[in-house]
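The structure appears right after this line, and notes come after that.
Numbering of ligands and ligand atoms starts at 1, following listing order.
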Amino acid sequence: MSMKIGIVCYPTFGGSGVLATELGLALSDKGYEVHFITYEQPVRLTQTFHPNIYFHEVKVPTYPLFDFPPYETALASAMVNIIVNQKLDILHLHYAIPHASAAYFARQILKKTGQDIPFITTLHGTDITLVGKDPTYAPVVAFSINESDAITAVSDSLREETLRSFNIVKDIQVIHNFVDVKRFHQTDKLHFKQMLAPDGERILVHVSNFRTVKRVPDVIRIFEKVKQVIPAKLLMIGDGPDRQNAEDLARSLGIYNDVRFLGKQEQISEILSIADLFLLPSQTESFGLSALEAMACSVPLISSNAGGLPEINIEGKTGFQSEVGDIESMAKNAIYILSDDERLHQFKKEAITQARKFEKQHIIPMYEKLYCEVVEAYKEKKAIASGE
Ligand code: GMT
């Protein structure tokens with residue numbers, strides 16, 4: 001069934017925006033018409049021309065009265081216009097806040113003319129575990145999730161946490177994050193490795209948006225302990241509020257020369273190709289898309305056991321998990337993996353085997369099936385309501 005799908009997401013380097021963009025790209029490859037609706041071109045929607053992909057920029061005009069320009073109102077209005085003009089069949093919202101409530105608003109407006117369409121909300125993580133639970137947002141979040149025609153969560157753990165935190169009256173389907181192994185796989189970047197680790201040092205990597213939940217200072221402390229035993233370099237990819245802290249900490253620990261802060265990067269798979277270990281000691285992590293992409297590039301994982309991380313990191317095979325904040329244990333496990341070539345090789349093999357379970361061709365059909373079911377059910381509901 002050919003369909004026109006509106007995807008609403010954050011355009012930034014955050015996992016939800018990345019996943020939403022990858023989903024849109026995969027759907028367009030399968031012949032769907034995909035309309036991205038957000039305030040900026042999503043970072044993974046590169047300059048390449050995709051005939052089935054449209055990008056609609058949500059403009060939020062400022063006005064001297066507004067200390068906080070009302071993005072949600074602008075977004076709901078954009079949704080109304082795009083649904084009507086582009087004749088969309090369904091909206092898929094990534095990250096509940098404020099996308100789900102804006103979609104509810106747009107649908108209420110369109111009901112007046114019978115042009116309303118269904119919407120699916122995909123919960124990604126902090127929209128539930130951190131921000132969504134905050135009493136400032138919680139009533140609106142719970143209401144708009146319940147008003148969604150279908151709800152998905154990116155891990156079993158996030159599903160459980162959503163049900164614990166909110167009174168959700170509908171089923172939540174788990175559709176895990178996925179990876180495109182054609183793009184994310186180890187490539188030969190020996191020259192690059194030699195440049196960054198000229199004496200054959202092990203290379204550790206961290207990728208995130210450097211928010212507090214990522215516990216970026218733990219990454220630096222783990223590395224410091226590893227470096228005391230094994231010659232190593234650390235690549236820090238991304239940017240965000242905790243970058244300066246992390247840089248200061250690396251300086252104060254005297255390891256700054258062995259840590260490279262590379263900032264935001266688009267060609268992450270090239271960097272992952274030279275990595276020996278990925279560090280993700282997060283406070284909360286509903287899935288860990290960055291870790292999955294690393295595993296697809298044959299990089300084992302040292303992580304915390306927060307949220308959905310145990311759903312991807314198999315203890316003793318693809319890496320190890322420790323309690324949040326247990327730097328000693330994470331460093332010990334990292335040293336164990338890195339100190340033996342044969343062992344490291346085995347962990348790398350297991351990492352890629354595990355990543356293949358989350359390949360996009362296994363996961364995309366789940367979304368396609370859900371779209372069809374939701375669109376059909378909504379049509380029936382409308383027909384019954386109008387007495388057809
Ligand atoms: O917190 C982030 O790093 C960004 C956040 C987002 O929603 O933009 O990422 C979340 O969504 C990703 C894609 O579903 C998940 O893989 C991440 O685990 C999740 N982050 C957290 O739960 C902290």
Would you please name every residue forming a side-chain hydrogen bond (donor to acceptor under 3.5 Å, both in side chains) with S148, sequence neighbours left out? T121
Sequence neighbours excluded, which residues qualify as side-chain hydrogen bond (donor to acceptor under 3.5 Å, both in side chains) partners of S144? none
Taking every non-hydrogen atom, the tightest pair across I222 and P281: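 Taking every non-hydrogen atom into account, CD1-CB, 4.3 Å.
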For ligand 1, what is the set of protein residues having any non-hydrogen atom at a distance below 4.0 Å?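 Those residues closer than 4.0 Å to ligand 1 by some heavy atom are G14, G15, S16, Y95, H124, G125, T126, V154, N177, N209, R211, K214, T284, E285, S286, F287, G288, L289.
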I need the full list of salt bridge (Lys or Arg N to Asp or Glu O under 4.0 Å) pairs touching residues 290-305, with sequence neighbours left out, sorted by first then second residue.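 Residue pairs with at least one partner in residues 290-305: R44-E293.
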Among the clusters formed by ILVMFWY side chains lying less than 4.5 Å apart, do I337 and L204 turn up in the same one?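 Linked within one cluster.
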Could you check whether R343 makes a cation-pi contact with Y336, meaning its NZ or CZ is under 6.0 Å from the centre of the six-membered ring and within 45° of the ring axis?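 Geometry flag: set, cation within 6.0 Å and 45°.
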